[in-house]
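Accompanying notes for the structure given below.
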Protein chains: 2
Amino acid sequence: MADGVRARQREATRRALLREGRRLFALRGYTAVGLAEVVDAAGVTKGALYHHFGGKADLFRAVLAEVQQEVADRVAAAADAHEDSWTRLVAGCQEFLTASTAPQTQRIMLVDGPAVLGWSEWRALDEAASARHLAEAIAALVEEGRMAPQPVAPLTRLLSGAMNEAALWLAASTEATDLEHVRTALVRMLEAFRVG
Amino acid sequence: MADGVRARQREATRRALLREGRRLFALRGYTAVGLAEVVDAAGVTKGALYHHFGGKADLFRAVLAEVQQEVADRVAAAADAHEDSWTRLVAGCQEFLTASTAPQTQRIMLVDGPAVLGWSEWRALDEAASARHLAEAIAALVEEGRMAPQPVAPLTRLLSGAMNEAALWLAASTEATDLEHVRTALVRMLEAFRVG
DNA sequence: TTTTTCGCGTACCTTCGGTATGTGAAACGA
DNA sequence: TCGTTTCACATACCGAAGGTACGCGAAAAA
């Protein structure tokens, strides 16, 4: 998929920018990181960056999409390890919790994402990546009659927000037991909507 | 509390900066608003701004504190209208939901806040203002034996995050029934922790 | 009335995102 | 093989925005 010296070099540059951008954005936040830093770390110049991306915000958008995809993949994998719809939901939620607690993904996904791109665009990306899985899992349970019939969107948002904030809190927490407490409370929340 | 021409003028300037800063930050977001705009709207110059505040971020901090205080006051008032601890919790949550759905407060409190000040400082301010009420309400219920004994902090974070995200979603939503659906789902979540 | 304080305006500096343009090597056609 | 075109990227430059140093004039203090 990368034949020719040119195409290969192009991809290498693009990936270097994405990698260093991601590393720096995660480490120090979007506004604190200058483009000069990113291109230096990637071993190129601003010309290369603007050749590959529309600007600083666009580079961030690409980084965010990458991070969200990784989290979504982990969540999907965790859910797919189970057959039962309810177990899939719980497993997916717990995996999301741990995946988005990692400091390399957290600031990009949960803090800078909405501020840089605006909440609505952030939400669209979030929906396309991980929140969609959550909505599908809930819809499946409602379909099966194992969850009370109700609009899926409001519940999805409540749970998504709860997990996002909990992940932020867990990352800043020092108590090792906090994760277990959050998991317990989260499962109890989910149980509230279980029927049958 | 403002005797002397000087002290009165000082307060007037400070309030003008806060007012215009808040208006513009809420309208177009922190990064999109320049200091020149704020000081022009307030009828002063940058010299005045830097005399009263440490910089752009510090002005934002003051604005955020003001917004959070207003929301906290509304929540506290809604809760205090009731005697029963459980009703107080539910009323406070619902008031928080509507108060933080208002576009004038939302972007500052929920989107730019964490990004500009960093999540931990944002969380400290949030805790001092409204999340504290939530934690106290939950603690009271646990004390009374009407809620399952459990660590208060994890549950507080889950609920706080759920409401924040729901408020963001509601503000962008067009369906009038969405608010009712969120309220229903939220109450059901709360009920999950009720005992007795 | 003299002196001091201080709230704030003015001018300037630096940094940073963004753009316009140049360049050299790879791809391509004859 | 050789001229031509393409294109990935570098260089140089620009405007705007946050921040700072300094001065002024009126109110407060002595």
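Quick note: numbers below take in every heavy atom, side chains included, and nothing from hydrogens, waters or symmetry partners.
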Verify the neighbour count for atom CD of A/Glu143: are there more than 12 heavy atoms of other residues, nucleotides or ligands below 6.0 Å?
-> no
Report yes or no: is the cationic atom of A/Arg107 (NZ for Lys, CZ for Arg) closer than 6.0 Å to the six-membered ring centre of B/Trp119, at no more than 45° off its axis? no
To the nearest angstrom, the CZ-C1' distance between A/Phe60 and C/dG17 comes to 16 Å
| query | Base, sugar-phosphate alone, or nothing: which one does A/Val33 contact when heavy atoms must sit under 4.0 Å apart? | reply | sugar-phosphate
(Q) With side chain to side chain contact (heavy atoms under 4.5 Å, CB included) as the criterion, how do A/Arg61 and A/Phe53 come out once you've worked through the C-alpha distance, each side chain's angles and the decisive distance to 0.1 Å? (A) CA-CA 10 Å; A/Arg61 196 193 325 271; A/Phe53 302 97; over 6 Å; no
Taken to the nearest whole Å, CG/B/Asp40 to P/C/dG9 is 11 Å
Examine the base of C/dG18 for any acceptor or donor lying under 3.5 Å from a partner atom in the side chain of A/Lys46, and report the outcome as yes or no. yes
Which of parallel (below 30°), tilted (30 to 60°) and perpendicular (above 60°) describes B/Tyr30 and B/Phe60?
perpendicular
From CD of A/Glu11 across to P of D/dC9 the rounded distance in Å is 10 Å
The nucleotide from D/dA10, D/dG18, C/dC8 with an atom nearest the side chain of A/Ala48 is D/dA10
| message | Mind checking if B/Arg10 touches a base, just sugar-phosphate, or nothing, with heavy atoms under 4.0 Å? | response | sugar-phosphate
Considering only heavy side-chain atoms of B/Tyr50, the closest of C/dA27, D/dA27, D/dT20 is D/dT20
Verify the contact: side-chain N or O of B/Thr45 to OP1 or OP2 of C/dT10, cut-off strictly under 4.0 Å; return yes or no. no
Atom CZ of A/Arg6 and atom P of D/dC7 are separated, to the nearest Å, by 7 Å
Picking from D/dA10, C/dT5, C/dG9, the nucleotide nearest the side-chain atoms of A/Val44 would be D/dA10
Here the distance between atom P of D/dG19 and atom CG of B/Leu35, to the nearest Å, is 6 Å
| query | Are A/Leu168 and A/Ser100 close enough that some pair of their side-chain heavy atoms sits under 4.5 Å apart? | reply | no
| said: It should be established whether B/Thr13 places a side-chain nitrogen or oxygen under 4.0 Å from OP1 or OP2 of nucleotide C/dC8. | reply: yes
note: B/His52, atom NE2; D/dG19, atom C1'; distance rounded to Å ~ 17 Å
Of B/Gly43 and A/Gly55, the one whose nearest nucleotide on DNA chain C sits closer to the 5' end is B/Gly43
note: B/Arg28, atom CZ; D/dA17, atom C1'; distance rounded to Å ~ 13 Å
- Report yes if a side-chain nitrogen or oxygen of B/His51 is closer than 4.0 Å to either non-bridging phosphate oxygen (OP1 or OP2) of C/dG7; otherwise report no. yes
Whole-Å distance, B/Lys56 NZ to D/dA16 P, equals 16 Å
